[in-house]
Amino acid sequence: MDDDAERAAKAKKGSPFLSTAQAAFFVGLSRRTLEKMRVQGLGPIYRKHGRYVRYHIADVEAWSNAHLKRSTSDV
């Protein structure tokens, strides 16, 4: 887990692209949950770089901001 956090921090400083594990850590989800959300079309938008899935950090932040709630009764 610390390795993912360190890689996510380095990625944010350098490359704007995150792996699935880094993006999941960034938003506090498991890698598997983010993978399932990607299959269902519910997660943040992503890119394919060859065979690799990459998330742009701005897209992950935008997706997260789109899910802001003020109350547990918000839908």
Side-chain angles (χ1 to χ4, degrees):
M1 185 68 83
D2 291 331
D3 188 41
D4 287 337
E6 185 177 317
R7 288 191 317 208
K10 285 181 184 178
K12 188 170 183 180
K13 288 180 184 177
S15 171
F17 295 103
L18 304 174
S19 68
T20 301
Q22 292 168 329
F25 183 83
F26 187 77
V27 294
L29 299 172
S30 74
R31 177 189 55 81
R32 186 69 184 124
T33 297
L34 191 58
E35 289 170 346
K36 287 179 184 177
M37 292 175 83
R38 184 171 66 233
V39 169
Q40 298 168 343
L42 301 174
I45 60 173
Y46 65 95
R47 295 163 167 83
K48 290 284 292 216
H49 294 183
R51 65 184 174 120
Y52 299 101
V53 171
R54 294 294 181 248
Y55 295 88
H56 194 282
I57 197 158
D59 296 333
V60 176
E61 288 176 332
W63 173 81
S64 178
N65 288 334
H67 291 85
L68 290 172
K69 306 287 184 214
R70 291 196 182 275
S71 168
T72 56
S73 61
D74 288 349
V75 178

Non-hydrogen atoms of Q22 and F17 that approach each other most closely:
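Here Q22 and F17 meet closest at OE1-O, 4.2 Å.
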To the closest 0.5 Å, what do you measure between [atom1] ([X]) and [atom2] ([Y])?
X   : Y   : atom1 : atom2 : answer
R31 : K36 : CZ    : NZ    : 10.5 Å
I57 : L18 : CD1   : CG    : 4.5 Å
K69 : H67 : NZ    : NE2   : 6.5 Å

Can you list everything that forms a salt bridge (charged side-chain N to carboxylate O under 4.0 Å, His left out) with R32? Sequence neighbours excluded, please.
E35
For residues 37-47, which side-chain N or O atoms pair as donor and acceptor with protein atoms under 3.5 Å away, sequence neighbours left out?
unit_1	atom_1	unit_2	atom_2	d
R38	NH1	T20	OG1	3.2
R38	NH1	Y55	OH	2.9
R47	NH1	D59	OD2	2.7

Below 4.5 Å, heavy atoms only, C-beta onward: do F26 and E61 meet side chain to side chain?
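Side-chain contact under 4.5 Å: yes.
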